[in-house]
Amino acid sequence: MRAALWLVALFGVAVAVALFAGNNQAVVTIFWPPHRLDVSFNLMVMVLAGFFMLLYGALRAMSALFALPLEARRWRAQQKERAMYGSLMDSLANLLAGRYIRAAKSAQNALVQEKSLGLLTDQTGHATGHSASRSTQLRSLAHLLVAESAQSLQNRALRDQHLQLALQNAAQRHAQEVREGVQLRAARWALEDRDAGAALEWLTQLPQGAARRTLALRMKLRATRQVKQTLLALDTARLLAKHRAFSQAAAQSIVRGLALELLNDAHDPAQLQQAWFSLDESERAMPELVVHAASRLMALHGDVTLARAWLLQVWDHMMEPRSEIGDNLRIKLITVLEAGLDSLDAAWLARIEAAQLSRPRDANLQYLAGMACLNRQLWGKARQLLSQAAMGLQDATLHRNAWRALAVLAEQREDEPAAAQAYKRAAQL
């Protein structure tokens, strides 16, 4: 379509020229005393057009001739630029392939090429388009590749040297992204060297936005766990879970593990309560954390009533028909309640009895109810419940305690053979 339009336009121009020049009787007279020259107007137009084209061609030829040195320098700069980027790509390829010495040499070669290119572009007025910002980024990346190769070769002196050079080249405002990358790599190298303090120092130098990225948070989590800053590690794990850096199950497992560490770090009841209330509501609703916190509070001789108040939600959840609480947690809950039977109030005794009556075949509840009766000196009922529980208990510790309690009951009624048999059964577990 475009060619047809050009053809129509060409025919139009030809027709216009034919109409104008065909019947043009104009004459141009040139006076050059004592001469006179009469020339056709059409011829004069053609001569002037030819003279203009000749002059234009001569000027273009002279411009091209005088531009040859500049074009030669520009060509050399382009060749150096291609060689520079080629060296940089070779360095990256060798680094990924595990050829660290070759990677370092290629990156250093790229730095040499960039330096010589900078001299040429200054003379040619940035003829290759290699701007100052690109030059800064390239130098920083090249130094970073050398430092990465040195880290893999355990050459820390060379690594630190090129790390500082990379930071110096990335100090400009337009190289902020490169600087953040260098700082993140430095933090990772510190973690590889098991220097968590240095890693945290590098991470604190990041801008606020970069410090909340998933990569930075992952490294912060590792570093805080290494230096035993459990509360800070827990906060970081919460952020990672919020950013969906882990699966839901993995995030819950990590948070639960850190919360358990935080509770274990408490050395008195006040510290334990402070650690407990520093947890989120969703974390304080986890049955594993509730039972462990109550167990720790009792072990530290804290408020037993408060511990049982924490356990109440887990107890109610365990009594549900389709409870998801596992057997191990059930046994731990019963063990914690057993440890505080001396101060057990009437409300809890009623709960235990009601639970045992609602599930008469549950050996764990039979054991807990039997131990509660034994503590209240209800010998007959305690003997009945513990005898039933001893036949169905799966946990070795509870099974052993049940037989020991039966041995004590047998001694109280002076039944020595039964007591000996009970002690023997306890010793075999």
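Keep in mind it's a predicted model, so treat the numbers as computed, not measured.
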What's the spacing between [X] [atom1] and [Y] [atom2] if we round to 0.5 Å?
X	Y	atom1	atom2	result
Arg185	Leu215	CZ	CG	8.5 Å
Leu258	Leu279	CG	CG	10.5 Å
Leu329	Ile334	CG	CD1	10.0 Å

Is the shortest side-chain heavy-atom distance between [X] and [Y] below 4.5 Å?
X	Y	value
Leu191	Gln226	yes
Leu184	Met219	yes
Gln79	Arg76	no
Trp348	Leu337	yes
Gln356	Asp362	no
Leu111	His143	yes
Leu300	Asp268	no
Met89	Ser106	no

Using a 3.5 Å distance criterion without hydrogens, assess whether the side chain of [X] forms a donor-acceptor pair with backbone atoms of [Y].
X	Y	answer
Asn264	Leu260	yes
Arg218	Ala245	yes
Arg179	Leu167	yes
His267	Asp265	yes
Arg308	Gly340	yes
Asn375	Met371	no
Arg139	Ala166	no
His399	Ala390	yes
Ser63	Leu59	no
Ser278	Ala275	yes

Thr230 and Leu234: CA distance, side-chain angles, deciding distance, side chain to side chain contact (heavy atoms under 4.5 Å, CB included) verdict: CA-CA 6 Å; Thr230 310; Leu234 183 58; 5.5 Å; no

Do other residues, nucleotides or ligands put more than 12 heavy atoms under 6.0 Å from [X] [atom1]?
X	atom1	value
Gln313	CD	yes
Gln274	CD	no
Phe277	CZ	yes
Gln154	CD	yes
Arg256	CZ	yes
Trp379	CH2	yes

Indicate yes or no: does [X] engage [Y] in a salt bridge with an N to O separation below 4.0 Å.
X	Y	result
Arg238	Glu283	yes
Arg159	Asp193	yes
Lys381	Glu353	yes

Check: Trp202 ring centroid to Trp189 ring centroid under 6.0 Å: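 Aromatic pair excluded; centres sit 6.0 Å or further apart.
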
Nearest heavy-atom pair of [X] and [Y]: which atoms, and what distance?
X	Y	result
Ala216	Ala211	CB-O, 3.8 Å
Val291	Leu311	CA-CD2, 3.8 Å
Leu217	Arg212	CD1-O, 3.5 Å
Ser343	Val304	OG-CG1, 3.6 Å
Leu393	Ala363	CD2-O, 3.6 Å

Residues Lys80, Glu114; criterion salt bridge (charged side-chain N to carboxylate O under 4.0 Å, His left out); working and verdict: CA-CA 8 Å; Lys80 287 183 177 293; Glu114 196 281 330; over 6 Å; no

Residues Lys332, Glu338; criterion salt bridge (charged side-chain N to carboxylate O under 4.0 Å, His left out); working and verdict: CA-CA 10 Å; Lys332 187 174 181 179; Glu338 182 187 359; over 6 Å; no

Flag for Gln428-Tyr423: side-chain donor and acceptor within less than 3.5 Å: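 No, because no side-chain N or O of Tyr423 sits under 3.5 Å from a partner of the opposite role on Gln428.
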
Distance-only side-chain donor-acceptor flag, Gln113 / Tyr85, under 3.5 Å: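 There is no such pair between these side chains.
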
Salt bridge (charged side-chain N to carboxylate O under 4.0 Å, His left out) between Glu261 and Arg225, worked out: CA-CA 10 Å; Glu261 290 182 15; Arg225 296 190 73 172; 3.5 Å; yes

Pair Leu398-Thr335, side chain to side chain contact (heavy atoms under 4.5 Å, CB included): steps then yes or no: CA-CA 8 Å; Leu398 297 184; Thr335 303; 4.1 Å; yes

